[in-house]
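Since the structure comes first, as structure tokens, the remarks are kept for the end.
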Amino acid sequence: MQSLVLSNTLSKKKEVFKPLDKNNIRMYVCGPTVYDFPHIGNARPLIVFDVLFRVLKKIFGGDSVTYVRNITDIDDKIIKSSNEKNIEFKKLTEEITKSFHEDCKFLGCLKPTFEPKATDHIDQMIEIIDTLLNKKYAYEQKGHVFFDISKFPSYGSLSKKTIKDLNAGSRVEISKIKKNPGDFVLWKPSKYNEPSWDSKYGKGRPGWHIECSAMSKKYLNTSFDIHGGGLDLVFPHHENEIAQSFCANEKFLAKYWIHNGYVTVNKKKMAKSENNFITINDLKKKYNGQTIRLAMLFTHYTQPFDWNEKILKDAKITLDKWYEFYIDDNIKINENNLTFLLDDLNIPNMITNIHKLYNYAKEGDLESAKQLNASCKFLGLFSQNKETWFKFNKKTSIKPEEINSLINERNNARKNKNFKKSDEIRDYLLKNNILLEDEANETKWKFKE
RNA sequence: GGCCACGUGGCGGAAUGGUUACGCAGAGGAUUGCAAAUCCUUUUAUCCCAGUUCAAUUCUGGGCGUGGCCUCCA
């Protein structure tokens with residue numbers, strides 16, 4: 001099999017994936033901060049890295065891949081949101097986590113190997129902070145512990161920034177208690193009514209980035225293969241993770257840094273703060289998870305994905321076609337049909353290939369139909385059987401018996417050349433989402449949408 | 001202000017130093033009472049200007065445009 005190639009943010013190039021240990025492939029992907037319901041921008045990394053997880057398992061064997069996706073269940077936004085809703089922060093994070101899990105399932109994502117929570121790893125975070133303090137990479141100031149970025153010369157290597165550039169036009173008010181404006185907090189004091197943990201630096205809570213360094217270390221060791229997430233995490237989150245992990249462990253954190261492009265709306269980044277987001281919850285009411293999944297896979301993961309309804313319609317039409325050849329059997333994908341994914345997860349090319357398989361299948365080629373199924377299943381599609389798929393979300397007020405009797409009535413009218421009546425019946429059914437197809441010997445019906 | 005990414009037909013979207021994918025939509029035809037479905041055929045594109053080259057959409061430089069980051073963000 002040809003080797004897997006991935007776009008590495010670190011080198012800004014496509015690189016051949018060479019595992020640190022081919023019997024133990026390790027991938028860490030930044031999961032959600034559970035303060036609000038996930039939107040489709042959040043869905044993209046779930047889907048992208050789910051496909052990568054499947055590819056790695058296929059290449060190296062299912063038991064040789066460890067995929068960690070954390071849940072950040074303590075941070076300022078969580079505290080703010082729980083205060084606003086006047087509920088305990090644990091209650092909020094549990095509710096959002098539950099919803100998040102439903103969304104993952106809805107989108108056809110496999111469960112990661114581990115899904116650690118930040119609040120279960122406070123001790124591990126404190127351990128790293130201690131190390132950084134001892135090594136003088138961090139300093140204490142009024143109950144805070146800050147990472148001193150001036151002590152880490154290669155700070156900014158991932159995001160191609162320099163400390164000098166960062167200071168040039170900062171839009172954030174410069175904190176007086178930091179040595180450098182770019183220093184970031186490892187530990188901060190909590191107010192009396194905020195969640196807090198005891199530490200030698202005082203009662204407080206961890207800063208934003210330290211949880212990922214702690215959890216990746218615990219589950220994947222100090223160095224691992226792939227670290228992934230959305231493009232907006234490159235700076236400062238991943239940059240800071242690199243700094244603190246490297247300085248604490250004196251080993252590189254991850255070899256391949258993989259980032260998915262933004263989901264945009266009218267070319268503008270989808271974000272909570274822009275108020276241009278659509279939650280997965282909202283979408284559930286209207287679309288099947290596979291439709292959303294395929295729509296997102298139409299675009300290469302490094303490119304921006306501009307959200308619009310036309311793409312969902314295209315995805316639905318495509319799946320309707322492909323599902324005609326659904327086979328209820330577990331068929332293994334062959335190498336030819338998988339190679340597209342090895343080239344930096346070129347799913348658009350894989351989809352083109354599935355269209356070709358579809359055309360051969362239509363000509364009666366069973367092997368193509370089988371590989372169409374295998375390809376779709378590999379991408380996490382075809383998670384329902386054919387019958388359930390075509391019934392999904394179909395609404396009509398007419399009972400099947402009535403449909404059949406109307407069809408009979410119409411066909412009688414057609415025999416008597418009473419086309420006015422037959423067209424009336426057809427229009428009536430169409431208004432109720434029933435589309436008729438007259439074949440040689442019988443009239444078939446299906447849902448229009 | 002600094003840094004970065006992107007610009008392909010009506011829409012979505014790959015790829016490539018030469019032969020210009022693919023899907024949706026559109027057009028014409030077959031078929032049909034008319035449709036639908038199906039089948040066949042088919043139109044339309046590489047932001048602009050230079051340079052390198054036998055040849056550039058692809059490489060280089062400049063311009064224009066759009067977007068992103070500069071400690072909320074997937």
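Quick caveat, the model's predicted, so the values are computed rather than measured. Sequence lines set the chain letters: A, B, ... in the order given, protein chains first and strands last, and positions in each chain run from 1.
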Glu324(A) side chain reached by Phe390(A) side chain, heavy atoms, under 4.5 Å: yes

Heavy-atom check, side chain of Val34(A) versus side chain of Lys117(A), under 4.5 Å: no

What distance, rounded to whole Å, do you find between the two [atom1] atoms, one in [N] and one in [M]?
N: rC70(B); M: rG13(B); atom1: C1'; result: 32 Å
N: rC47(B); M: rC39(B); atom1: P; result: 34 Å
N: rA25(B); M: rC40(B); atom1: P; result: 15 Å
N: rU46(B); M: rA27(B); atom1: P; result: 24 Å
N: rC22(B); M: rA14(B); atom1: C1'; result: 8 Å
N: rC4(B); M: rU16(B); atom1: C1'; result: 25 Å

Aromatic plane relationship, Tyr358(A) with Phe325(A) - under 30° parallel, 30 to 60° tilted, over 60° perpendicular: perpendicular

base_contact_polar (rC73(B) base, Lys269(A) side chain, donor-acceptor, <3.5 Å): yes

Ser383(A)-Gln290(A) side chain donor-acceptor pair, cut-off 3.5 Å: yes

Atom pair distance, as rounded to whole Å: [atom1] in [X] and [atom2] in [N]:
X: Asn260(A); N: rA5(B); atom1: CG; atom2: P; answer: 18 Å
X: Ile354(A); N: rG13(B); atom1: CD1; atom2: P; answer: 18 Å
X: Lys446(A); N: rU38(B); atom1: NZ; atom2: P; answer: 6 Å
X: Phe340(A); N: rA15(B); atom1: CZ; atom2: P; answer: 12 Å
X: Arg410(A); N: rA35(B); atom1: CZ; atom2: P; answer: 13 Å
X: Glu363(A); N: rC40(B); atom1: CD; atom2: P; answer: 8 Å
X: Tyr358(A); N: rC24(B); atom1: OH; atom2: C1'; answer: 13 Å

Which listed nucleotide ([options]) is nearest to the side chain of [X]?
X: Met270(A); options: rC34(B), rA74(B), rG23(B); result: rA74(B)
X: Pro348(A); options: rA14(B), rA36(B), rG23(B); result: rA14(B)
X: Leu233(A); options: rA74(B), rG23(B), rG13(B); result: rA74(B)
X: Asn346(A); options: rG23(B), rA36(B), rA14(B); result: rA14(B)
X: Arg426(A); options: rC39(B), rA35(B), rC6(B); result: rA35(B)
X: Lys267(A); options: rA21(B), rA74(B), rU66(B); result: rU66(B)
X: Thr352(A); options: rA74(B), rC22(B), rC34(B); result: rC22(B)
X: Lys321(A); options: rG12(B), rC34(B), rC24(B); result: rC24(B)
X: Lys12(A); options: rG23(B), rA74(B), rA5(B); result: rA5(B)
X: Lys268(A); options: rC69(B), rG67(B), rA14(B); result: rG67(B)

Aromatic contact, Tyr326(A) with Phe382(A) (centres under 6.0 Å): yes

Ion pair present between [X] and [Y], side-chain N to carboxylate O less than 4.0 angstrom?
X: Glu102(A); Y: Lys98(A); result: yes
X: Lys188(A); Y: Glu194(A); result: no
X: Lys77(A); Y: Asp36(A); result: no
X: Arg69(A); Y: Asp50(A); result: no

Touch class at under 4.0 angstrom, heavy-atom based, for Val234(A) against every strand present: nothing

Structure string for RNA chain B in dot-bracket form, Watson-Crick and G-U at under 3.5 Å, | interchain: (((((((..(((.....[...))).(((((.......)))))....(((((..]....))))))))))))....

Lys362(A) vs rC39(B): side-chain N/O to OP1/OP2 distance below 4.0 Å: yes

Phosphate OP1/OP2 of rC72(B): any Ser273(A) side-chain N/O under 4.0 Å: no

